[in-house]
Asks: 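Okay, handing you the structure first.
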Amino acid sequence: MLSPRFEEALAFAARHHHRQVRHNTGTPYVSHLLATCAIVLEEGGGETAAIGALLHDVLEDQPTGRGALRAAFGDEVYRIVHDCTDADHGERQRLTWRERKRAHLGRMDSEAGAESLLVIAADKVCSLQSLVDDLHRFGPELFASSARSAEELLWNYREVLAVLQRRLGDRPVLLRLRKLVAEYAALAVDRAR
């Protein structure tokens, strides 16, 4: 069962992301956090992993201090959030997108624990499902205003999937991710050729 600590994390996430919306649709960003958390729980993740899922983007997207996060939710949750973060909100300017992604892939492959990898897998399923849905809604024109090309995103999702399969094996969440990567490739990249 989930404790009041989970409720605190839900409120923390809602407060820190309250002005943020999903790309392309304007949907409140908290929907992504809730969906990621639901997948983690459905995959057998415990409360600590579920809290990590709710908070997985707080360092990356918001000016939240690492110390404040650790003090509020402890070292285990902090570790999950850290492992999910490719660069802190303030660090994003120092590296290119591809450099950040390569560094994150390396940390995932060598340092991230199983709970962190589960949250990363759930996050990627939710993000890629939203992207595939947006492709169905808006078509490949979606990338006209995107900072990343369809090919760049496909490269990253394939690399993440490869690391997760090596580290986690065949879990249902990875089967979902594999299908979504194939669907995304067909809609965004193969169709454009």
Side-chain angles (χ1 to χ4, degrees), residues 1-92 100-101 104 107-108 112-134 137 146-148 153 156-157 160-161 164 168 171-174 176-177 180-181 184:
M1 300 309 288
L2 300 173
S3 74
R5 187 170 166 247
F6 179 85
E7 294 173 29
E8 292 169 25
L10 182 56
F12 187 93
R15 274 194 313 275
H16 281 78
H17 292 279
H18 77 281
R19 289 196 173 110
Q20 194 174 353
V21 295
R22 297 290 288 162
H23 303 293
N24 307 314
T25 63
T27 303
Y29 195 79
V30 72
S31 67
H32 169 67
L33 306 173
L34 293 169
T36 301
C37 180
I39 291 172
V40 166
L41 289 170
E42 289 165 2
E43 285 280 326
E47 183 177 61
T48 298
I51 291 170
L54 290 173
L55 303 176
H56 78 271
D57 279 336
V58 77
L59 293 177
E60 195 168 299
D61 293 347
Q62 303 299 321
T64 305
R66 289 177 179 270
L69 180 65
R70 184 177 261 146
F73 297 101
D75 289 339
E76 291 177 30
V77 168
Y78 169 79
R79 180 63 186 187
I80 292 169
V81 175
H82 170 74
D83 288 345
C84 292
T85 303
D86 71 358
D88 283 6
H89 182 72
E91 294 175 333
R92 296 179 73 87
R100 285 195 326 266
K101 297 304 178 188
H104 190 235
R107 288 193 314 275
M108 282 173 54
E115 286 186 315
S116 298
L117 294 170
L118 175 58
V119 173
I120 291 168
D123 170 40
K124 297 308 177 193
V125 165
C126 291
S127 294
L128 193 50
Q129 183 65 66
S130 292
L131 187 52
V132 166
D133 291 349
D134 288 347
R137 282 186 199 105
S146 176
R148 303 276 76 78
L153 294 175
N156 187 55
Y157 280 112
V160 168
L161 178 60
L164 290 172
L168 290 178
R171 295 183 67 134
V173 69
L174 295 183
R176 289 173 68 184
L177 184 56
L180 283 166
V181 169
Y184 172 77

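Quick caveat, the model's predicted, so the values are computed rather than measured.
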Asks: Out of curiosity, Ile80 CD1 to Leu117 CG, how far, rounded to the nearest 0.5 Å?
Replies: 10.0 Å
Asks: How long is the gap from CG on Leu131 to CZ on Arg148, to the nearest 0.5 Å?
Replies: 13.0 Å
Asks: Using the test side-chain hydrogen bond (donor to acceptor under 3.5 Å, both in side chains), find all partners of Thr36 that sit at least two apart in sequence or belong to another chain.
Replies: none
Asks: Report yes if some heavy atom in the side chain of Leu34 is under 4.5 Å from a heavy atom in the side chain of Leu10; otherwise report no.
Replies: yes
Asks: Once side chain to side chain donor-acceptor pair (under 3.5 Å) is applied, what residue pairs with a partner in residues 41-53 remain, sequence neighbours excluded?
Replies: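 Residue pairs passing side chain to side chain donor-acceptor pair (under 3.5 Å), neighbours aside: Ser3-Glu47, Glu43-Arg171.
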Asks: Holding to salt bridge (Lys or Arg N to Asp or Glu O under 4.0 Å), I want the full list of residues that pass it with Arg107, two or more places apart in sequence or in another chain.
Replies: none
Asks: How far does CG of Leu177 sit from CG of Leu161, to the nearest 0.5 angstrom?
Replies: 5.0 Å
Asks: Below 4.0 angstrom, N of the basic side chain to O of the carboxylate: do Arg79 and Asp83 qualify?
Replies: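 Looking at Arg79 and Asp83, the cut-off is met.
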Asks: Enter the distance from Asp133:CG to Leu180:CG here, rounded to the nearest 0.5 Å.
Replies: 8.5 Å
Asks: Please identify which of these residues, Val30, Leu33, Leu55, meets the side-chain contact (heavy atoms from CB on, under 4.5 Å) condition with His17.
Replies: Leu33
Asks: Would you compute the distance between atom CG of Leu174 and atom CG of Leu164 and round it to the nearest 0.5 angstrom?
Replies: 5.5 Å
Asks: Evaluate side chain to side chain contact (heavy atoms under 4.5 Å, CB included) for Ile51 paired with Glu76, printing each intermediate quantity in order.
Replies: CA-CA 10 Å; Ile51 291 170; Glu76 291 177 30; over 6 Å; no
Asks: Closest heavy-atom contact between Val119 and Ala49?
Replies: CG2-O, 3.5 Å
Asks: Please identify each residue that fulfils side chain to side chain contact (heavy atoms under 4.5 Å, CB included) with Ala50, with sequence neighbours left out.
Replies: Phe6, Cys37, Leu41
Asks: Within this structure, what is the OG-CG distance for the pair Ser146 and Asp134, rounded to the nearest 0.5 Å?
Replies: 10.5 Å
Asks: Not counting sequence neighbours, which residues clear side-chain hydrogen bond (donor to acceptor under 3.5 Å, both in side chains) with Tyr78? List them please.
Replies: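 Counting only residues at least two positions away or on another chain, Tyr78 forms a side-chain hydrogen bond (donor to acceptor under 3.5 Å, both in side chains) with Arg66.
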Asks: Using a 3.5 Å distance criterion without hydrogens, assess whether the side chain of Ser130 forms a donor-acceptor pair with backbone atoms of Cys126.
Replies: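 Flag set: sc Ser130 to bb Cys126 pair under 3.5 Å.
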Asks: Has Arg176 got a side-chain atom pairing as donor or acceptor with Val125's backbone, closer than 3.5 angstrom?
Replies: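 Between the backbone of Val125 and the side chain of Arg176 there is no qualifying donor-acceptor contact (under 3.5 Å).
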Asks: Taking the side chain from His16 and the backbone from Phe12, do they hold a donor-acceptor pair closer than 3.5 Å?
Replies: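 Yes.
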Asks: If you take all heavy atoms of Val40 and Ala53, which pair is closest and at what distance?
Replies: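 Answer, listing the atom of Val40 first, then Ala53: CG2-CB, 3.9 Å.
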Asks: Which residues pass the salt bridge (Lys or Arg N to Asp or Glu O under 4.0 Å) test with Asp123, not counting sequence neighbours?
Replies: none
Asks: Taking C-beta and beyond as the side chain, do His32 and Thr27 meet within less than 4.5 Å on heavy atoms?
Replies: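 Heavy-atom side-chain distance check fails, nothing below 4.5 Å.
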Asks: Considering all heavy atoms of both residues, which atom of Cys84 and which atom of Ser116 are nearest to each other, and what is their separation?
Replies: SG-O, 4.1 Å
Asks: Got Asp86 and Lys101 here, is their nearest side-chain heavy-atom distance under 4.5 Å?
Replies: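 Heavy-atom side-chain distance check passes, below 4.5 Å.
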Asks: Under 4.5 Å between any side-chain heavy atoms of Phe73 and Val81, yes or no?
Replies: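 When only atoms from C-beta onward are counted, Val81 and Phe73 do not touch, as no gap falls below 4.5 Å.
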Asks: Could you tell me whether His56 and His82 have their ring centroids closer than 6.0 angstrom?
Replies: no
